[in-house]
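Here the structure is laid out as structure tokens; the discussion comes afterwards.
Values in this document were obtained by computation on a predicted structure and should not be read as measured data.
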Amino acid sequence: MDTLILDLLDPEEARTPPMAMKDYSDEFRADAVALYESTPGATYKDIAADLGINRATLREWVLRDRERRSIAPAGSQPGPAATAAAGRRAVSDDPDDRNRQLEARMAELEASERKPATERDILRKAAKYFAGETNW
């Protein structure tokens with residue numbers, strides 16, 4: 001009788017099961033935020049798609065983490081275009097400017113080096129989690 005009432009109200013919705021709320025571990029959330037933060041020019045959409053989570057969920061995690069650490073919102077950080085322009089910046093004759101440029105470039109390279117390691121760790125943890133979840 002209940003399905004008949006649901007069919008009358010919205011037949012398409014009655015056939016579609018509701019989306020299950022997923023409960024992610026704190027470790028997974030921290031890893032996802034670390035991956036986003038360590039990827040220069042990353043978008044919420046790209047990282048969320050890689051991890052198989054909702055873009056809004058990842059954004060919420062990142063904003064909460066930044067608020068917890070008291071960091072400025074993403075809008076104040078340089079985007080991919082600014083990062084690319086910084087890479088093409090003319091080399092200065094001033095040693096202090098040159099050092100700052102080299103330090104910024106080194107930080108970029110270290111962040112891009114951390115990304116594959118972070119992704120690998122996340123995938124290992126996910127594989128371990130799902131292997132323990134199956135009851136074949």
- [ ] Report whether Leu109 and Leu102 are members of the same hydrophobic cluster (ILVMFWY, side-chain heavy atoms less than 4.5 Å apart, transitive linking).
- [x] no
Open item on the list: Does Arg29 have more than 12 heavy atoms from other residues, nucleotides or ligands lying within 6.0 Å of its CZ?
Closed with: yes
Open item on the list: I need the full list of salt bridge (Lys or Arg N to Asp or Glu O under 4.0 Å) pairs touching residues 116-125, with sequence neighbours left out, sorted by first then second residue.
Closed with: Glu27-Lys125, Asp31-Lys125, Lys115-Glu119
Task: Pairs satisfying salt bridge (Lys or Arg N to Asp or Glu O under 4.0 Å), at least one member in residues 38-55, at least two apart - done: none
TODO: Given side chain to side chain contact (heavy atoms under 4.5 Å, CB included), test Met106 with Glu110 step by step and report yes or no.
DONE: CA-CA 6 Å; Met106 188 172 71; Glu110 287 173 347; 3.9 Å; yes
- [ ] Please name all residues satisfying side chain to side chain contact (heavy atoms under 4.5 Å, CB included) with Glu103, sequence neighbours left out, ordered by chain then number.
- [x] none
Open item on the list: Are the side chains of Glu108 and Arg105 in contact, using a 4.5 Å heavy-atom criterion?
Closed with: yes
TODO: Answer with yes or no whether the hydrophobic clustering places Leu123 together with Tyr36; edges join I, L, V, M, F, W, Y residues whose side-chain heavy atoms lie under 4.5 Å apart.
DONE: no
Task: Residue pairs passing the ring-ring contact (aromatic ring centres under 6.0 Å, His included) test where at least one lies in residues 49-68, sequence neighbours excluded - done: Tyr24-Trp61
Task: Atom pair CZ/CZ of Arg69 and Arg66 - distance to nearest 0.5 Å - done: 7.5 Å
Open item on the list: Suppose we screen for salt bridge (charged side-chain N to carboxylate O under 4.0 Å, His left out). Which residues come up paired with Arg114, at least two apart in sequence or across chains?
Closed with: none
Open item on the list: For a quick test of reading the model, state the closest non-hydrogen atom pair linking Ser38 to Pro40 and the distance between them.
Closed with: O-CD, 3.3 Å
Open item on the list: As a quick check of understanding, evaluate salt bridge (charged side-chain N to carboxylate O under 4.0 Å, His left out) for Asp94 and Arg98, giving each step before the final call.
Closed with: CA-CA 6 Å; Asp94 183 25; Arg98 174 102 172 113; over 6 Å; no
- [ ] Please tell me if the side chains of Ile53 and Phe28 come closer than 4.5 Å, counting only heavy atoms from C-beta onward.
- [x] yes
Task: From CG (Leu58) to CG (Leu51), nearest 0.5 Å - done: 7.0 Å
Open item on the list: Please find the pair of heavy atoms, one from Ile47 and one from Ala32, that lie closest to each other, and give the distance.
Closed with: CG2-O, 4.4 Å
Open item on the list: Can you list everything that forms a side chain to side chain contact (heavy atoms under 4.5 Å, CB included) with Asn54? Sequence neighbours excluded, please.
Closed with: Ala56, Thr57
Task: Minimum heavy-atom distance Val62-Val33, with the two atoms named - done: N-CG2, 4.0 Å
